[in-house]
Amino acid sequence: MFLAGIYVMVAALAAVVAGDLDPPEKHYKILVLLPVSSQSHKNVFIPLAEALADRGHQVTMLSNSPKSTNHPNITDISHGLQHFQNINMFEYKDDWTTGFTMFEKVLPVIARDFYKVPLVKELYERRKEFDLFIVDHAFNEVVYPFLHQAPFIMVSTPGTDYRQSAVLGNVMNPAYVPSQSLDFSRPYSIWHRFLNTLIHIAFAVYWRNWNIVPQLQKEISAQFPELPPLLELERNMSLALMNTHFSIGIPLPLLPSQVEVGAMHCRPANPLPQELESWITGAGSSGVIYFNLGSFSRGSYMPVQYRDVFLQAFRRLPQRVVWKYEGELKNVPDNVMITNWVPQQDILAHNNVKVFITHCGLLGTQESIYHATPLLGLPIFADQNRNSMFIRNSGVGDFLLWEELTEDVIVNAINDIINNPKYKDNILRKSKLMRDQPVSPTELAVFWTEYVIRHKGAPQLRSPAAQLSWVEFLMLDVIFLLHLTVFFLYFITRRILRVIYAKIFSANDSIKKKRE
Ligand SMILES: *[C@@H]1O[C@H](CO)[C@@H](O)[C@H](O)[C@H]1NC(C)=O
Ligand SMILES: *[C@@H]1O[C@H](CO)[C@@H](O)[C@H](O)[C@H]1NC(C)=O
């Protein structure tokens, strides 16, 4: 009876995901490539892969994390290279690129070794069998050789990526669109717009033209001398699936080839394991603080002074704390539960969980909004800084800086978020907005994925702007011509006026002479 109930529930959920789409014309073979992605990036892809597999497509995923799905139509494989594992991002907290310099060391080595892995080599040789490639746009340039002469979609996992948008022909305006890593309070001041413009340009040039891609290009060219340059291959992108939605970001002018499918992984809660359920319910009316720095910046990497200050602060609070932390911790107060595995969404959905202390990863932030639990951010690197500013600007929580952490600062921030009702009100409203969509984001992603396959790369989606150079796009040549025209008109008019004046005056002169 119980199992039958679960079966009905699962079937109902599957129906929600597959939604109202007609069955596909054919079953396709799709290769999902995310070899340089953290587990959280992979979590963006799993719902899409599963929904495609439910529709009978054969999906192969190549990543660097352990098998994450048992779906019979998904082959989930890991390449096994260790270069992008166990990196302590606390070491990059003060880096000028907010952590991206880490890739200077990692990516060229991956590019050198990747195609030597037998399993990758074999997939590369079979690449013509696939009807479509789906690629994680962040950091995965190493797979671009797969994309030569094939239709492909890119997923911008960290939300809006102004660089990817520019590749599609939609150059985003730094007067209000944040970069990958930083955002400011709104509206931007002139100083913020100035800074933001510099960051947009500097980071794109650093990544694409100066340091990262040129290094990768060298490694890839050595192995595939006949292929066009990586950035040329990237320009043939059919579609970008963006892990954003205007209700939990900012409204943007988008091309038909940019589809917002943010928060595909958010789902209704499942029951909690018994132990967690009784710990959380047992906290009574004081409620529970949930503390998790994510899969990449694990709790155990946290410098000792911060760890101790948190333990001291928690000791002073009436709430209970669930802290995801890998490893042993000494002197843990009675109100703190340490655990190395947590069903995050089910915790966030629990009524008695009052605040989520987070590193502001995009997925966790989306989950917290979906389940309406206010946030206290502690951004460490990359887009986490941008997300923390979004949390503050939209009033669904606030954030602290690591350098300013003291017991009092932590206790006061937690008290403010729990006791001031505005945070809960704001996040409840956002949660409603985020769920108010005509179709689920996964369904939308499935539709567009099949669309690109059906229409063989869907060239009708491509903006002509994507073919333009910067000079053409910014109309620098046209502006130059306009200037020339104005000068030309000015000189011509001046010439003509001179001639006319000369005529008039000489006529006057001759009349004067006659009178004399
Ligand atoms: C797997 O794909 C086949 C067709 O290729 C389909 O008939 C089957 O229902 C799919 N399996 C699941 C569990 O969705
Ligand atoms: C560009 O993509 C189309 C299909 O999407 C493909 O037919 C064509 O060969 C690709 N061109 C290059 C240079 O990869």
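Counting convention: from 1, in listed order, for ligands and their atoms alike.
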Participant: Can you find a pair of side-chain heavy atoms, one from L48 and one from L241, that are under 4.5 Å apart?
Facilitator: yes
Participant: Can you tell me which portion of H455 lies within the under-4.0 Å heavy-atom range of ligand 2? Options are side chain, backbone, both, or neither.
Facilitator: neither
Participant: Would you mind listing which atoms of ligand 1 come within a distance below 4.0 Å of any non-hydrogen atom of P72?
Facilitator: 13 (C)
Participant: Would you say H71 touches ligand 1, if touching means a heavy atom closer than 4.0 Å?
Facilitator: yes
Participant: Starting at CG of L362, measure out to OG1 of T157 and round the result to the nearest 0.5 Å.
Facilitator: 8.5 Å
Participant: If you count the atoms of ligand 2 from 1 in the order shown, which ones are under 4.0 Å from a heavy atom of R462?
Facilitator: 5 (O)
Participant: Just wondering, are more than 12 heavy atoms of other shown residues or ligands nearer than 6.0 Å to CZ in F480?
Facilitator: no
Participant: Going by the order shown, which atoms of ligand 1 are within less than 4.0 Å of some heavy atom of N73?
Facilitator: 1 (C), 2 (O), 3 (C), 8 (C), 10 (C), 11 (N), 12 (C)
Participant: Just to confirm my output: which protein heavy-atom neighbour is closest to atom 4 (C) of ligand 2, and how far is it?
Facilitator: K456 O, 3.8 Å
Participant: To which protein heavy atom is atom 5 (O) of ligand 2 closest, and what is the distance rounded to 0.1 Å?
Facilitator: G457 CA, 3.3 Å
Participant: Using side-chain heavy atoms (C-beta onward) and a distance below 4.5 Å, is H265 in contact with Q366?
Facilitator: yes
Participant: Tell me whether K29 is salt-bridged to E129, with the criterion being a basic N under 4.0 Å from an acidic carboxylate O.
Facilitator: yes
Participant: Quick check on atom 7 (O) of ligand 2 - does any protein heavy atom sit closer than 4.0 Å to it?
Facilitator: no
Participant: Is there a polar contact, in the sense of an N or O pair closer than 3.5 Å, between Q149 and ligand 2?
Facilitator: yes
Participant: How long is the gap from NZ on K456 to OG on S238, to the nearest 0.5 Å?
Facilitator: 12.0 Å
Participant: Is F152 close to F146 at the side-chain level, that is, under 4.5 Å between some pair of heavy atoms?
Facilitator: no
Participant: Would you verify whether the NZ or CZ of R454 falls within 45 degrees of the ring axis of F447 while also being under 6.0 Å from that six-membered ring's centre?
Facilitator: yes
Participant: To check your reading of the model: name the closest protein heavy atom to atom 12 (C) of ligand 2, its residue, and the distance in Å.
Facilitator: N236 ND2, 3.2 Å
Participant: For ligand 1, which atoms, with element, lie under 4.0 Å from some heavy atom of Q58?
Facilitator: 5 (O)
Participant: Give me the residue, atom name and distance of the protein heavy atom closest to atom 13 (C) of ligand 2.
Facilitator: H148 CD2, 4.1 Å
